[in-house]
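Heads up, the thing below is written out as structure tokens.
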Amino acid sequence: MTNPPNEEPLGGGAMLEASRREKLQRLIELGVDPWGGRFDGHAPIGQIRAREGKIVVEPVGDCATGQSPEQHGPTVRAAGRIVLQRRKGKLIFLDIRDWTGQIQIFVGKSQVGNDGWELAQCFDLGDLVGVDGELKRTKTGELTVFAEKLHFLAKSLEPPPAKHKGLRDPELRQRMRYLDLIHTEGALERALARTKIVQSIRATLAGQGFVEVEGPTLHAIAGGAAARPFVTHHNALDIDLYLRIALELHLKRLLVGGIERVYELGRVYRNEGISPRHNPEFTMLEAYQAYGDYRTMMDLTEKILADAIRATGESLVLPWGETQIDFTPPFERKTYNELFEQHAGASPDDEPAVRALGDELGFVTRGKHIDVVKNDVFEAKVESALTGPVFVCDYPASICPLTKRKAGDPNVAERFELFVAGMEVANAYTELNDPDLQEALFNRQLDGLAAEDSMARMDRDFLRALRHGMPPAGGLGVGIDRLVMLLTNSPTIREVILFPLLRPEAE
RNA sequence: GAGGUUGUAGCUCAGUCGGUAGAGCAACGGACUUUUAAUCCGUAGGUCUCGGGUUCGAGCCCCGACAGCCUCACCA
């Protein structure tokens with residue numbers, strides 16, 4: 001390539017793009033639209049590969065002379081992105097990839113003719129092309145489409161990453177997820193696995209008679225969880241609104257309204273930090289079943305998980321890092337106190353010992369309710385030990401403001417959290433439907449929590465709904481992103497969220 | 001928000017003691033009709049993240065900013 005005179009020599013990146021633009025120009029001169037158009041009748045590459053058995057080998061000639069036998073294969077049409085290119089004189093070997101697989105294309109000058117050969121001279125790595133040809137094997141046995149006609153479908157003007165190492169920089173992988181999906185081993189599969197999991201969850205719930213609804217994402221009162229909300233503003237009404245932090249309170253209104261099995265699977269927003277397990281927007285499932293309780297939701301949880309794993313085509317024993325997790329139901333069921341005793345090294349009923357543990361761990365314990373201290377200790381000492389899957393059952397009532405108390409023991413709430421690999425992936429209650437107790441719990445400031453962080457925002461309409469009578473019910477929440485992490489062996493939430501929050505790119 | 005760590009060609013990465021900026025892939029030119037990360041010959045490509053400072057001299061040392069990652073905090 002020569003630079004026009006009187007112009008600055010191009011830098012590396014600009015030079016790479018210029019060479020591609022030159023080929024784009026050449027395509028136009030050949031009368032080819034570099035941006036292609038509708039391309040009918042092509043088969044997914046995975047399906048094309050499955051037709052390998054249709055290749056017929058006729059041993060013509062003499063085997064003794066080493067003459068290669070004649071092959072006849074099916075005529076196929078494929079479309080995909082060029083991911084590798086090997087030019088060898090008047091031959092080109094292309095590897096093209098679509099979302100079902102990858103296959104080699106043989107382009108010979110005499111086989112595709114001068115027009116086809118000229119077209120192939122305009123190919124760059126990353127271009128999208130189509131091909132008609134015969135499916136056969138090469139001398140070395142590689143399944144190959146022997147091109148008879150080439151089609152240009154779209155030009156790629158940016159150079160792709162290093163052809164085998166791909167994108168390594170996690171920042172680039174997240175900012176340019178499109179490149180990550182193309183070039184990172186397993187990235188596309190993981191994205192599609194997430195879709196399969198979500199589809200499976202919807203199918204399981206539908207099979208159990210649940211209906212899906214869409215609650216509001218803009219809330220006047222952000223309730224249903226203890227989290228700081230994002231604030232936004234409605235201009236016409238001139239009011240501040242909050243992005244929802246949970247689905248709970250509106251779904252329960254629908255329970256009052258007679259939608260007896262109801263769920264929502266959608267995005268919630270929490271104005272908090274980012275970590276390998278947290279993204280400010282994440283996907284939550286909440287499901288409510290009238291006349292059930294938290295045990296009903298345990299069975300449902302097991303079914304949702306087992307179905308989802310089967311939907312991804314995996315066995316119920318899944319790899320997780322260096323270890324494995326067995327998701328075969330039923331999952332272990334242990335009480336909170338039992339696990340506390342086992343892993344924290346103190347009796348949960350021995351208040352001085354629990355407080356001492358809290359002090360030891362560096363928590364502020366003074367003036368805090370014993371259950372808050374106990375839960376701090378639990379989170380620090382017990383949760384990480386729960387490789388699970390294990391249902392942690394029967395939480396201290398005072399840290400569960402939306403949960404029904406156990407009959408005969410007002411200090412214990414009918415709640416479970418499902419832990420796997422030290423992560424909470426599900427949280428379920430026997431839902432509190434006593435409006436007076438609910439109001440009292442909203443009113444009671446939880447010890448040690450600032451008002452803006454607590455559940456203590458009063459949603460009066462929700463209480464009014466409860467006063468109209470909510471059926472006793474079981475409710476379940478599942479963090480979909482974390483579930484997908486576990487089911488796809490992904491160490492960070494950023495691997496399973498296509499576009500995680502990043503600071504804006506500097507200009 | 002705090003601490004640690006990383007930032008060098010389009011991508012992946014080297015860069016010694018502070019002394020003229022390196023490789024592989026990709027690109028460009030050439031050879032090659034069954035390659036497999038093709039090979040071989042040649043060419044070009046740099047605001048060393050940004051801004052200060054120390055120094056005769058900074059990719060390297062110091063200060064600050066920006067961004068990613070890790071740990072912690074908030075939280076699920």
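A note on names: the letters A, B, ... follow the listed sequences, proteins ahead of strands, and every chain is numbered from 1.
Across the strands present, rC72(B) finds its partner in rG1(B); the criterion is a Watson-Crick or G-U wobble pair with both atom distances under 3.5 angstrom. For rA37(B), there is no paired base (Watson-Crick or G-U wobble, both distances below 3.5 Å). Pairing for rG59(B) is absent, with no Watson-Crick or G-U wobble pair whose two atom distances lie under 3.5 Å. Pair assignment for rA67(B) gives rU6(B), based on Watson-Crick or G-U wobble hydrogen-bonding distances that are each under 3.5 Å. Nucleotide rG18(B) forms a pair with no other nucleotide shown, judged by Watson-Crick or G-U wobble geometry with both contacts under 3.5 Å. Taking a pair to require two hydrogen-bonding distances under 3.5 Å in either a Watson-Crick or a G-U wobble arrangement, rA26(B) remains unpaired.
Ile92(A) comes within contact range of no nucleotide atom at all, as no heavy-atom separation falls under 4.0 Å. Ser275(A) comes within 4.0 angstrom of nothing in the nucleic acid, heavy atoms only. If you check every strand for non-hydrogen atoms under 4.0 Å, Arg87(A) touches a base. Using a 4.0 Å heavy-atom distance criterion, Arg482(A) is classed as a base contact. Within the 4.0 angstrom heavy-atom criterion, only backbone atoms of the sugar-phosphate kind lie near Thr492(A); the bases stay farther away. Residue Gly479(A) is classed as having no contact, given no heavy-atom separation below 4.0 Å to the nucleic acid. Nucleic acid contact class of Lys88(A) (heavy atoms, under 4.0 Å, all strands): base. Counting any heavy atom pair closer than 4.0 Å across all strands shown, Gly477(A) reaches no nucleic acid atom. Asp95(A) comes within 4.0 angstrom of no nucleic acid atom, judged by non-hydrogen atoms across all strands. Residue Glu142(A) is classed as a base contact, given a heavy-atom separation below 4.0 Å to a base. As judged by a 4.0 angstrom heavy-atom cut-off over every strand, Phe146(A) is placed among the base-contacting residues. Residue Gln104(A) is in base contact, counting any heavy-atom pair closer than 4.0 Å across all strands shown. Within the 4.0 angstrom heavy-atom criterion, only backbone atoms of the sugar-phosphate kind lie near Arg494(A); the bases stay farther away. When heavy atoms are screened at a 4.0 angstrom cut-off, Lys136(A) is found touching no nucleic acid atom at all.
Side-chain atoms of Ala162(A) lie closest to rU12(B) of the nucleotides rU33(B), rU12(B), rG68(B). The listed nucleotides are rC70(B), rG68(B), rA38(B); the one nearest the side chain of Arg86(A) is rA38(B). Counting only heavy atoms from C-beta on, Met15(A) has its side chain closest to rA44(B) among rA76(B), rA44(B), rU33(B). For Lys163(A), the side-chain atoms get nearest to rA26(B) when compared with the rest of rG1(B), rU33(B), rA26(B). Among the nucleotides rC69(B), rA76(B), rA26(B), the one closest to the side chain of Leu16(A) is rA26(B).
The separation of rC69(B) from rC60(B), taken at their P atoms, amounts to 25 Å, rounded to a whole angstrom. Rounded to a whole angstrom, the distance from the P atom of rU8(B) to that of rC13(B) is 10 Å. With both ends at atom C1', the span from rG51(B) to rA67(B) equals 15 Å, rounded to whole Å. Atom name C1', nucleotides rG42(B) and rC32(B): the rounded distance is 16 Å, in whole Å. With C1' as the reference atom, rG10(B) and rA65(B) are 26 Å apart, rounded to whole Å. Rounded to a whole angstrom, the distance from the P atom of rU43(B) to that of rG24(B) is 13 Å. Across the P atoms, rG1(B) and rU12(B) are found 28 Å apart, a figure rounded to whole Å. On the P atoms, rG19(B) is 12 Å away from rC61(B), given to the nearest whole Å.
Considering Tyr429(A), Phe340(A), Tyr336(A) in turn, Tyr336(A) is the only one that fulfils the ring-ring contact (aromatic ring centres under 6.0 Å, His included) rule with Tyr395(A).
Judged by ring centres under 5.5 Å apart and planes tilted less than 30 degrees, Phe282(A) stacks against the six-membered base ring of rA76(B).
Rounding to the nearest 0.5 angstrom, the gap separating the CD atom in Glu286(A) from the NE2 atom in His250(A) is 12.0 Å.
When each of Ile274(A) and Lys165(A) is assigned the nucleotide of RNA chain B with its nearest heavy atom, Lys165(A) is the one assigned upstream, toward the 5' end. Mapped onto RNA chain B by nearest heavy atom, Lys23(A) and Gln85(A) fall at different nucleotides, with Lys23(A) at the one closer to the 5' end.
Relative orientation of the Tyr269(A) and Phe230(A) rings is perpendicular, given thresholds of 30° and 60° on the angle between their planes.
Taking atom CZ on Phe93(A) and atom P on rU39(B), their separation rounds to 14 Å, with Å as the unit. Rounded to whole Å, the distance from OH on Tyr395(A) to P on rA76(B) is 11 Å. One atom, OH of Tyr178(A), and another, C1' of rC11(B), lie 14 Å apart when rounded to the nearest Å. Atom CZ in Arg168(A) sits roughly 9 Å away from atom C1' in rC13(B) (whole-Å rounding). At whole-Å resolution of the value, CG in Leu501(A) and C1' in rA67(B) are 13 Å apart.
Glu383(A) has its side chain out of reach of Val392(A): every pair of non-hydrogen atoms, C-beta onward, lies at least 4.5 Å apart. Here the side chains of Arg415(A) and Lys404(A) are not in contact, with every heavy-atom distance at 4.5 Å or above.
With hydrogens and angles ignored, the 3.5 Å screen pairs no side-chain donor or acceptor of Glu414(A) with any backbone N or O of Thr430(A).
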